[in-house]
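To keep things clear, I will list the structure first and then write my remarks on it.
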Amino acid sequence: EPEVTQTPSHQVTQMGQEVILRCVPISNHLYFYWYRQILGQKVEFLVSFYNNEISEKSEIFDDQFSVERPDGSNFTLKIRSTKLEDSAMYFCARGSSGRGVTDTQYFGPGTRLTVL
Amino acid sequence: AQTVTQSQPEMSVQEAETVTLSCTYDTSESNYYLFWYKQPPSRQMILVIRQEAYKQQNATENRFSVNFQKAAKSFSLKISDSQLGDTAMYFCAFMRANSGYALNFGKGTSLLVTP
């Protein structure tokens with residue numbers, strides 16, 4: 001099944017700057033997720049998003065993070081004031097059918113964020 | 001909280017041979033789902049296989065199969081007829097059936113397939 005596309009593929013930013021990472025679904029799905037992977041570490045859940053609302057978030061997803069679907073298509077993750085430790089690969093994933101909690105999640109190619 | 005443990009940080013196998021990657025998990029849930037994802041050097045996360053906990057039959061996808069032992073909370077991945085393209089990090093993941101849908105990943109096993 002097609003996954004999602006993510007832009008940009010690589011983002012370099014200065015500490016303290018805001019970044020917006022974008023996820024574009026191939027077709028219309030209701031469930032979206034953001035994960036991050038610090039280099040050499042495991043993939044960590046950030047937030048899940050259903051029908052334009054956050055359905056679950058981890059302790060990592062603090063006030064510097066926000067998600068939205070501004071135009072009903074793109075799904076964005078905003079990091080308000082980046083820190084060095086935000087440097088990671090950020091993955092967007094979508095549910096396979098949008099029908100329920102048992103959806104298999106399919107990942108996009110990721111955005112590599114580097115904070116200097 | 002659920003924990004997923006992959007006790008083999010690195011493994012190596014020769015082409016055409018069979019290899020088994022281990023995964024154990026800890027949960028008090030009775031209904032859940034287990035997955036194996038592959039991450040090649042490109043860092044794309046690719047679904048390999050999925051297992052529903054309520055199913056006794058082990059899932060199979062071509063050369064990939066699992067050994068799901070619910071009582072032992074074990075979920076190993078067997079790769080048969082290993083190919084060079086199987087070289088990747090392999091992550092085991094757990095998902096509660098009625099949750100906010102988060103995947104909980106293990107730390108991964110780096111598999112190297114040699115000629």
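The figures that follow rest on heavy atoms only: side chains count, while hydrogens, waters and symmetry mates do not. Just so we're on the same page: letters track the sequence lines, and every chain starts at 1. Here the structure is a predicted model, which is why all the values come from computation and not from measurement.
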Atom CG of residue position Asp63(A) - does it have more than 12 heavy atoms of other residues, nucleotides or ligands inside 6.0 Å? no
Would you say CG of Leu84(B) has more than 12 non-hydrogen atoms from neighbouring residues, nucleotides or ligands within 6.0 angstrom? yes
Would you check, one step at a time, whether the test side chain to side chain contact (heavy atoms under 4.5 Å, CB included) holds for Gln39(B) with Phe107(A)? CA-CA 11 Å; Gln39(B) 187 178 45; Phe107(A) 284 70; over 6 Å; no
With rounding to the nearest 0.5 angstrom, report the CE to CE distance, Met89(A) to Met45(B). 10.5 Å
Examine whether an atom of Glu44(A) lies under 4.5 Å from a heavy atom of chain B, and if so say whether it belongs to the side chain, the backbone or both; otherwise answer neither. neither
Quick one: are the ring centres of Phe45(A) and Phe105(B) less than 6.0 Å apart? no
Same cluster or not: Ile79(B) versus Phe91(B), using hydrophobic residues (I, L, V, M, F, W, Y) connected whenever any side-chain heavy atoms lie under 4.5 Å apart? no
Hydrophobic clusters here meaning ILVMFWY residues chained together by side-chain heavy-atom distances under 4.5 Å, can you tell me if Tyr106(A) and Ile49(B) are in one? no
Counting heavy atoms not belonging to Glu85(A), are there more than 12 under 6.0 Å from its CD? yes
Do you know which of Gly108(B), Gly106(B), Ser42(B) has the most heavy-atom pairs under 4.5 Å to chain A? Gly106(B)
Looking only at heavy atoms, which two atoms of Gln105(A) and Tyr37(B) are closest? And how far apart? O-OH, 2.6 Å
Closest non-hydrogen atom pair, Arg43(B) against Phe91(A): O-CZ, 3.0 Å
Counting only heavy atoms not in Lys42(A), do more than 12 sit closer than 6.0 Å to its NZ atom? yes
Look at the side chain of Tyr35(A) and the backbone N and O of Leu103(B), then say whether any donor-acceptor pair between them is shorter than 3.5 Å. yes
Has Lys78(B) got more than 12 heavy atoms of other residues, nucleotides or ligands less than 6.0 Å from its NZ? no
Under 4.5 Å to a heavy atom of chain A? For Gln6(B) that would be neither
